[in-house]
Amino acid sequence: MANGTGVKNRRLLITKNSIMMLVMLVIIFLAIFAWYGIRKQVGATGISVTASKPGEVEIAVEKDGKIGSYITTNGTTSWTEGRWSDEANFDGPFQFTSDVTSDGLTFIIPAFSSTEDNPDAKADARINGKIVNVNGIPKTGNQIKTNLDTLEEGETADYVKIPFYLRSQSPVINVNPDAYLAMAAEEGVADADGHTAITGVNSARKSVYGNFTSDALVAAMRVSLTGGPVTISNNSATDPASYESSFVWVPRPDLFLNILDMDSESNWTLQQGVTKSTSLSRIGQTFPTGSTFKHNYYSPRYDNNNNLIGVTLNEDPSVDNTYDNPISPGEELASNAYKSDVTATKTLTGGTVPTLGTSKSITGFTATPTTVTMPKTDGSGNADFYVYKFCLNVWIEGTDSEARRAMDNGEFSLHMEFGSVSAANE
């Protein structure tokens, strides 16, 4: 009898614990619903950077402390120290495992408020995203983590940070107009079942929350370039005196995630072709026109003694494709992020994507660049080059209403081309 009672009690305890665990899972689900949740991975067809003309702007990467390039000849890729090239490719998949927010230079993970026992907060989180506790202490995000990296215990992979070098005989270098960020489906990349569609029941890497591709996570992605001028000696480069953010970009403002009702999580839809005047709504709440074209973010907040005490929301007041003057360190970026021009498009295998649209200077740094005499790539002699080190940063911006678990495990392709000021004027 005693043994039977003990078994029943243990079963009852296990059952109660199981119910408690289920309740906790529900609470956690509600708490992390809208920002990009932990342990997520986004694949990539690749990140490529190219120069518009051979010799005008050239690219190099670093290996074992030396500058050079990977050159492919007859299908064989080899490293050449001191060599500059017209392209560099970075393969994924890349991991984004935590909620990140950034001005393009500083990457943080804010603290969040609980929605437990708060129906109004739950409804707000469903519409607008996870609720940030502005008085909570943020954490610093961890940089590049790809499939080639090993995560240490307790470490997260939060955003991609890829270093590379550019040189030009002109001190001004631009991102060229045809830069774009594409869903892998738009590049014609099929999933394991051979699907390449963006929407529909057979969409590629279909989201479990609706008939659309999870590649649509590009709607919440941001891209920035940080860096500064450097010098090179014996194929080794210095670091910039300070890293400045010269370029912040909202590449896919043309996408919006519709959530049709509060109760169902299987009938969401993807709205394409959004412009600055398109009407947007989610569960009956109307969004201001142009919302998808804005870059909002949280920045650390300090008291008079320089103690970190929380975060501040920086809201983009404009929807213009402006930012003609590169910023200085410490300046606000909220109103200055570039937005892709949805009228300037590029046709890909599986769809048409908006591009940056116009040339944007990325070399307006506080530090004055100096020339370095180096051999030309064509072997015709030496020339004086301006040399810069950049970090290409890619992240999922948690303040974006499209930063949703509905688009987990998507894939993307990023292409950026660089040119000199002379090319921009042609």
Side-chain angles (χ1 to χ4, degrees), residues 29 32-47 91-100 125-127 129-130 145-147 156-160 180-223 250-261 264-274 280 282 292 340 348-354 394-415:
F29 168 78
I32 66 170
F33 175 78
W35 279 57
Y36 200 66
I38 61 172
R39 293 186 300 278
K40 306 300 180 184
Q41 180 168 304
V42 176
T45 58
I47 294 177
D91 296 325
F94 301 103
Q95 296 183 40
F96 304 86
T97 58
S98 290
D99 309 330
V100 177
R126 174 62 64 93
I127 296 169
K130 207 167 156 185
K145 295 296 171 188
T146 73
N147 60 327
T156 58
D158 306 319
Y159 70 101
V160 174
Y180 68 85
L181 174 67
M183 295 183 269
E186 290 169 326
E187 294 274 23
V189 178
D191 61 15
D193 297 317
H195 300 145
T196 59
I198 296 171
T199 59
V201 294
N202 292 322
S203 53
R205 291 162 292 277
K206 181 180 173 298
S207 170
V208 298
Y209 294 95
N211 294 326
F212 58 91
T213 176
S214 56
D215 297 352
L217 189 63
V218 297
M221 283 186 174
R222 301 287 186 271
V223 177
V250 182
R252 295 306 301 266
D254 58 308
L255 301 173
F256 182 77
L257 182 63
N258 285 310
I259 300 176
L260 301 182
D261 59 68
S264 176
E265 293 171 2
S266 61
N267 63 352
W268 299 359
T269 62
L270 179 67
Q271 185 170 343
Q272 303 177 71
V274 175
L280 305 171
R282 181 175 289 148
T292 61
S340 287
L348 304 174
T349 303
T352 300
V353 300
V394 183
W395 73 101
I396 298 168
E397 176 53 63
T399 64
D400 194 300
S401 63
E402 274 57 69
R404 303 268 170 164
R405 291 183 306 101
M407 294 178 281
D408 178 25
N409 296 323
E411 296 188 5
F412 70 94
S413 178
L414 173 65
H415 174 74

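Count residues from 1 along the sequence.
Taking every heavy atom of both residues into account, P354 and S340 meet most closely at CB-CB, 4.2 Å. Heavy atoms only, all atoms of each residue included: V250 and T292 are closest at CG1-O, 3.8 Å. Across all non-hydrogen atoms, the minimal contact from A182 to L348 is CB-CD1, 3.6 Å. In terms of heavy atoms, R205 sits closest to A185 at NH2-N, 3.6 Å. Taking both residues in full, the closest heavy atoms of Q272 and L255 are given as CG-CD2, 4.0 Å, listed atom of the first, atom of the second, then distance. Between H195 and A204, the closest heavy-atom pair is O-CB, 3.2 Å.
With hydrogens and angles ignored, the 3.5 Å screen pairs a side-chain donor or acceptor of R252 with a backbone N or O of L181. With hydrogens and angles ignored, the 3.5 Å screen pairs no side-chain donor or acceptor of E411 with any backbone N or O of D215.
Between H415 and Y180, the ring planes lie tilted relative to each other; the angle falls in the 30° to 60° range.
Here the straight-line distance linking atom CG of L217 with atom CD of E402 works out to 9.5 Å at 0.5 Å rounding. Note that CG of D400 is 11.5 Å distant from CH2 of W395, once rounded to the nearest 0.5 Å. A distance of 11.5 Å separates CD in E186 from OG1 in T196, rounded to the nearest 0.5 Å. Atoms CZ and OG, from F212 and S207 in turn, are 4.0 Å apart once rounded to the nearest 0.5 Å. Between W268 atom CH2 and N211 atom CG the span is 13.5 Å, to the nearest 0.5 Å.
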field: Derivation of the side-chain contact (heavy atoms from CB on, under 4.5 Å) call for Q271 and L257
entry: CA-CA 6 Å; Q271 185 170 343; L257 182 63; over 6 Å; no
message: Set out, in order, the CA-CA distance, both residues' side-chain angles and the distance that settles side-chain contact (heavy atoms from CB on, under 4.5 Å) for M183 and T213, then state yes or no.
response: CA-CA 9 Å; M183 295 183 269; T213 176; 3.8 Å; yes
- request: Step by step, work out the side chain to side chain donor-acceptor pair (under 3.5 Å) result for T349 and E187.
  value: CA-CA 5 Å; T349 303; E187 294 274 23; 5.4 Å; no
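Remark: R222 fails to qualify as a cation-pi partner of Y159 under the 6.0 Å distance and 45° angle criteria applied to the six-membered ring.
Contact of the F256 side chain with the S401 side chain is registered, since non-hydrogen atoms from C-beta on lie closer than 4.5 Å.
Comment: D193 does not engage K206 in a salt bridge, judged by the lack of any side-chain N to carboxylate O separation of less than 4.0 angstrom.
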